[in-house]
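Quick notes on the structure that follows.
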Amino acid sequence: MTNTALSIRDVRAAVGSTDILKGVDLEVPFGEFHAIMGPNGSGKSTLCHVLTGKRDYQVEGSAELGGVELLDKPVSDRARLGLMQAFQYPVEVAGVGLQEFLEEIADEQAIPENELEARLEAAAAEFDMQPFLDRAVNVDLSGGEKKRSEIFQMAVLAPKVAVLDEIDSGLDIDAVREVAEAVEAMRSPEMAVVMITHYSRILRYLTPDRIHVMMDGRIVESGGPELADELEDGGYEALRQRLGIEPSAGAPREKAASEYFTDTPFDI
Ligand SMILES: Nc1ncnc2c1ncn2[C@@H]1O[C@H](COP(=O)(O)OP(=O)(O)OP(=O)(O)O)[C@@H](O)[C@H]1O
Ligand SMILES: [Mg+2]
């Protein structure tokens, strides 16, 4: 069996005539933890959406999980194969309790009932989620609680490939550490984690095997944890200069602070 959990080759995604992903290649072996960083609008979330099967995009290329092509499969098959995403903006599921939600997914994924029960009990204790099991998924949870709930769901469902999109955004400093430690604790030889983050702070509490930088729809640089330090020091501009990359014409321009204020802020 291949040791590659996720193999992405020349993935392109467009909406209408706008190209968003322009040829992404990424290999993540089982047991490894990879971080993707990159400026706003560079295509990080789009890559997650393409993997999980959001329908907005025209997609080309290949993404295999454990050697099985994902991109031609419906969303439910991708989950059954072991792909799970934690969202930048976790969705609320009104009227469905968290435990009930997990039971339904576990049923679809053929996780035996007693196995699920054991995992639920252990993870609820570990992440202090007992009070949330009967509450509707993510409804009226604080930002931090939603992220904790996503990690809890991952611990219960034990995906083969977990894609975490900005699981650290909107968290206070202690919560960032808790989430990071929880992700690190999930590390196992049967699982690969791809985490998108803007903050090298979270990378202090867990050690990615590789860091990839995405710019304008491509991965332009990969390296070890020292790459995050370089970005912290010099920002993406310094990396662009080192790699000789021109800011693309279509890329969003950084706004000057003064541009955030207009004479008619509520003109809608
Ligand atoms: N469904 C869509 N329709 C039109 N444009 C889209 C769609 N999805 C993404 N885009 C555009 O693609 C670009 C990349 O967006 P994406 O959300 O992937 O960026 P990101 O790297 O995750 O940014 P951030 O760091 O701000 O979360 C943006 O310009 C965005 O507006
Ligand atoms: Mg994003």
Side-chain angles (χ1 to χ4, degrees), residues 6 8 10-26 28 34-61 63 70-71 74-75 78 83-92 138 143-144 146-147 150-151 154 161-171 176 179-180 183 193-203 208 210-222 227-228 230-232 234-240 243 245-257 259-260:
L6 183 65
I8 298 176
D10 199 22
V11 163
R12 293 161 190 273
V15 175
S17 58
T18 308
D19 294 329
I20 301 173
L21 299 180
K22 301 174 181 173
V24 175
D25 294 284
L26 183 66
V28 188
H34 289 210
I36 302 181
M37 306 180 81
N40 293 133
S42 53
K44 304 178 301 297
S45 294
T46 302
L47 179 62
C48 297
H49 295 322
V50 164
L51 288 176
T52 44
K54 194 174 174 203
R55 277 193 299 251
D56 307 22
Y57 309 97
Q58 298 110 45
V59 178
E60 288 172 38
L70 290 175
L71 299 185
V75 176
R78 299 182 197 204
L83 180 74
M84 185 170 174
Q85 180 183 357
F87 294 97
Q88 183 169 3
Y89 306 105
V91 281
E92 300 187 358
N138 284 333
K146 282 184 189 172
K147 305 279 169 150
E150 298 263 303
I151 296 285
M154 283 200 168
V161 173
V163 180
L164 313 178
D165 192 1
E166 295 200 28
I167 195 91
D168 48 348
S169 68
L171 296 183
V176 167
V179 163
V183 173
V193 176
V194 178
M195 168 181 260
I196 290 162
T197 182
H198 281 296
Y199 303 107
S200 43
R201 173 179 300 143
I202 193 165
L203 303 178
R210 302 284 287 165
I211 294 178
H212 310 275
V213 180
M214 186 176 270
M215 283 185 187
D216 193 22
R218 291 187 184 87
I219 289 177
V220 296
E221 180 69 320
S222 299
L227 191 51
E230 180 186 346
L231 292 174
E232 178 117 321
Y236 293 113
E237 193 44 48
L239 183 67
R240 268 200 196 96
L243 299 174
I245 299 173
E246 297 285 325
S248 107
R253 186 173 57 89
E254 293 283 329
K255 277 188 183 176
E259 290 180 72
Y260 286 98

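Since this is a predicted model, take the numbers as computed values, not measurements. Both counts, for ligands and for their atoms, begin at 1 and track the order of listing. Just so you know, these numbers use all the heavy atoms, side chains as well, and skip hydrogens, waters and symmetry mates.
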Task: Any residue meeting side chain to side chain donor-acceptor pair (under 3.5 Å) with R218, in chain and number order, not counting sequence neighbours - done: none

Open item on the list: To the closest 0.5 Å, what do you measure between SG (C48) and CD (Q85)?
Closed with: 4.5 Å

TODO: Could you tell me whether the Mg ion (ligand 2) has an N, O or S atom of N40 under 2.8 Å away?
DONE: no

- [ ] Give a yes or no on this: more than 12 heavy atoms of other residues, nucleotides or ligands lie within 6.0 Å of atom CD of E92.
- [x] yes

- [ ] Heavy-atom distances under 4.0 Å are what count here, so tell me which part of H198 touches ligand 1: side chain, backbone, both or neither.
- [x] side chain

Open item on the list: Is there a side-chain contact between D56 and H49 in this structure, where contact means two heavy atoms from C-beta onward sitting under 4.5 Å apart?
Closed with: no

TODO: Give a yes/no on ligand 1: does G38 have at least one heavy atom closer than 4.0 angstrom to it?
DONE: no

- [ ] Give the atoms of ligand 1, by number and element, whose distance to some non-hydrogen atom of I20 is under 4.0 Å.
- [x] 6 (C), 9 (C), 10 (N), 11 (C), 12 (O), 13 (C), 14 (C)

Open item on the list: As an exercise, identify every atom of ligand 1 less than 4.0 angstrom from a heavy atom of E166.
Closed with: 25 (O), 27 (O)

- [ ] Could you tell me whether K22 and D216 make a salt bridge, using a distance below 4.0 angstrom between a side-chain N and a carboxylate O?
- [x] yes

TODO: Using only heavy-atom distances, determine whether the side chains of E166 and H198 contain a donor-acceptor pair under 3.5 Å.
DONE: yes

Task: T46: numbered ligand 1 atoms lying under 4.0 Å from its heavy atoms - done: 9 (C), 14 (C), 15 (O), 16 (P), 18 (O)

Task: Partners passing side chain to side chain donor-acceptor pair (under 3.5 Å) against E237 (at least two apart in sequence or in another chain) - done: R240

Open item on the list: Give the atom numbers and elements of ligand 1 that come within less than 4.0 Å of a heavy atom of N40.
Closed with: 23 (O), 24 (P), 25 (O), 26 (O)

Task: Per-atom contacts, ligand 1 versus S42 - under 4.0 Å to a heavy atom - done: 19 (O), 21 (O)

Task: Atoms in ligand 1 flagged as close to D56, the criterion being non-hydrogen separation under 4.0 Å - done: 1 (N)

